[in-house]
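Numbers restart at 1 for each chain; the letters A, B, ... are given by sequence-line order, proteins then strands.
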2 protein chains.
Amino acid sequence: MSRKRFDEMNCSIARSLEQVGDWWTLLIVREAFFGTTAFSEFQEALGIAKNILTQRLDHLVANGIFERRQVRPGVERHEYFLTDKGRDLMPVLVALVQWGDRWLFGEGNEPLRVIDAEQRVQIAPLKVCDAAGREVAPSQLRFRPGPGATERTLRVFEERRSKRRAASIQ
Amino acid sequence: MSRKRFDEMNCSIARSLEQVGDWWTLLIVREAFFGTTAFSEFQEALGIAKNILTQRLDHLVANGIFERRQVRPGVERHEYFLTDKGRDLMPVLVALVQWGDRWLFGEGNEPLRVIDAEQRVQIAPLKVCDAAGREVAPSQLRFRPGPGATERTLRVFEERRSKRRAASIQ
DNA sequence: GAATCTGGTTGCGTCATGCAACCGTATGAT
DNA sequence: ATCATACGGTTGCATGACGCAACCAGATTC
């Protein structure tokens with residue numbers, strides 16, 4: 001039986017994970033942010049098997065996260081570049097880096113630093129702000145069904161809500 | 001051969017993915033943010049096989065992302081709650097939601113909305129700011145080796161840097 | 001006291017992953 | 001001109017992860 005697909009799940013997280021959620025993909029994207037473009041560089045830097053790397057890069061190209069360019073016409077040699085869609089994964093990587101720094105490495109042991117290329121200064125923890133620009137504490141955040149929610153999502157939310165209500169009455 | 005482990009990789013992204021990087025984990029965390037606590041609720045809402053859910057929850061509890069509590073002493077029934085470490089994954093989920101909304105669903109079709117529980121208003125795209133609080137465009141962000149970087153990381157960075165220098169001279 | 005719910009465990013089949021070997025083309029050294 | 005090497009893969013094989021269904025024991029409900 002194949003891996004369960006998240007395609008039909010009506011959820012941005014599930015659908016995003018369908019494209020970038022397997023073991024290697026985000027590391028390949030990270031490597032591309034380091035400036036890596038060649039197959040062999042990805043392979044050596046990550047220690048990934050070549051067949052798997054081939055699969056992943058094909059998948060990423062098919063999903064428009066990487067663009068594959070021939071180095072010279074007539075020569076079968078390629079370079080892989082992030083597209084706008086791929087570069088837009090940066091906040092996901094930053095969020096993961098910051099979580100890992102905080103909970104797995106601890107202050108002062110960060111293996112990676114995220115900086116502003118112009119000012120050359122380190123960046124601060126990601127901020128979640130409301131539409132008016134006011135910062136919102138992560139504990140204040142809630143998920144709610146959006147305009148594209150399905151009946152199923154709405155039902156699950158309603159169930160959870162009534163459950164919590166019942167629990168708070170007791 | 002088992003899956004390759006990212007444990008020894010000296011990178012926050014790799015180590016984070018080691019804890020939350022498999023197919024189901026972030027969806028289980030998402031579900032917990034919805035208010036789900038019971039095994040059967042996770043199972044039904046996600047459509048995940050029970051044995052896999054057992055494994056994932058055990059793994060998440062072992063890594064301190066979930067806490068497992070007995071509903072009543074003497075009764076073998078449990079509830080699963082996010083710990084602080086688990087709740088701190090919210091920015092990662094928000095980043096994924098926003099990426100998926102933007103590139104996979106498009107405006108107006110978002111299946112999920114992230115709101116501020118107090119103000120009940122929707123939140124804006126994640127902002128990356130420098131230490132002084134100025135916003136930094138994602139395209140301006142760069143990764144650099146940090147204080148905990150290994151020799152290997154430094155070497156890879158140096159190689160990439162000299163390669164780019166050579167390319168820009170041509 | 002029978003049925004159902006809950007939270008799993010077990011067994012089985014299939015797919016994904018990792019490894020090593022191979023291969024055709026292009027480039028560089030002798 | 002020839003030999004070696006790098007590049008970008010492909011192929012074959014072994015093993016582990018995943019999905020599914022069946023089963024199960026204790027608690028709760030009818």
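- A donor and an acceptor atom, one from each side chain of E41(A) and T36(A), are nowhere located under 3.5 Å apart.
- Using modelled atom types, one side-chain atom of T83(B) and one backbone atom of I65(B) make a donor-acceptor pair closer than 3.5 Å.
- Salt bridge annotation for R120(A)-E118(A): absent, with no cationic side-chain nitrogen under 4.0 angstrom from a carboxylate oxygen.
- Of the candidates dT6(C), dC19(C), dC18(D), dC18(D) carries the atom nearest the Q55(B) side chain, counting heavy atoms from C-beta on.
- No hydrogens or angles considered: nothing links the side chains of Q55(A) and K50(A) as a donor-acceptor pair under 3.5 Å.
- In this structure, CZ of F42(A) is placed 15 Å from C1' of dC7(D), rounded to the nearest angstrom.
- Residue R3(B) places none of its side-chain N or O atoms closer than 4.0 Å to OP1 or OP2 of dC18(D).
- When the P atom of dG8(D) is taken as reference, atom CZ of F39(A) falls 8 Å away, rounded to whole Å.
- With hydrogens and angles left out, the side-chain atoms of D88(A) and W103(B) include a donor and acceptor closer than 3.5 Å.
- Phosphate contact (OP1/OP2 of dG19(D), side-chain N/O of W24(B), threshold under 4.0 Å): present.
- Of the listed nucleotides (dG9(D), dG8(C), dC7(D)), dC7(D) has the atom at the smallest distance from the side chain of S40(A).
- Side-chain atoms of D22(A) and T25(A) form a donor-acceptor pair, as typed in the model, at a separation below 3.5 Å.
- A salt bridge is absent between E79(A) and R68(A); no separation between the charged side-chain nitrogens and carboxylate oxygens falls under 4.0 Å.
- Applying the 4.0 Å criterion to OP1 and OP2 of dC15(C), one finds that R5(A) has every side-chain N and O outside that range.
- If you measure from atom CD of Q70(A) to atom P of dA26(C), you get 11 Å, rounded to the nearest angstrom.
- Of all non-hydrogen atoms in G86(A) and V29(A), the two that sit nearest each other are O-CG1, 4.4 Å.
- For the pair A38(B) and D22(A), both in contact range of DNA chain C, the more 5′-proximal nearest nucleotide belongs to A38(B).
- One can place CH2 of W23(A) at 16 Å from P of dG16(D), the figure rounded to the nearest angstrom.
- Within the structure, every side-chain polar atom (N or O) of R56(A) is placed at least 4.0 Å from both OP1 and OP2 of dA16(C).
- In this entry the distance linking CD of Q43(A) with C1' of dC19(C) reads 11 Å, nearest Å.
- Within the structure, every side-chain polar atom (N or O) of Y80(B) is placed at least 4.0 Å from both OP1 and OP2 of dT6(C).
- In this structure, L57(B) atom CG and dT6(C) atom P are separated by 16 Å, rounded to whole Å.
- Following rounding to the nearest Å, K4(B) (NZ) and dA17(D) (P) show an atom-to-atom distance of 15 Å.
- Regarding L53(A), its CG atom lies at a distance of 13 Å from the P atom of dC19(C), rounded to whole Å.
- At a non-hydrogen distance threshold of 4.0 Å, K50(B), N51(B) from residues 44-52 of chain B come into contact with DNA chain C.
- The side chain of H78(A) places an N or O atom within less than 4.0 Å of a non-bridging phosphate oxygen (OP1 or OP2) of dG9(D).
- Listed pair R77(B) / dT6(C) fails the phosphate criterion, with no side-chain N or O lying under 4.0 Å from OP1 or OP2.
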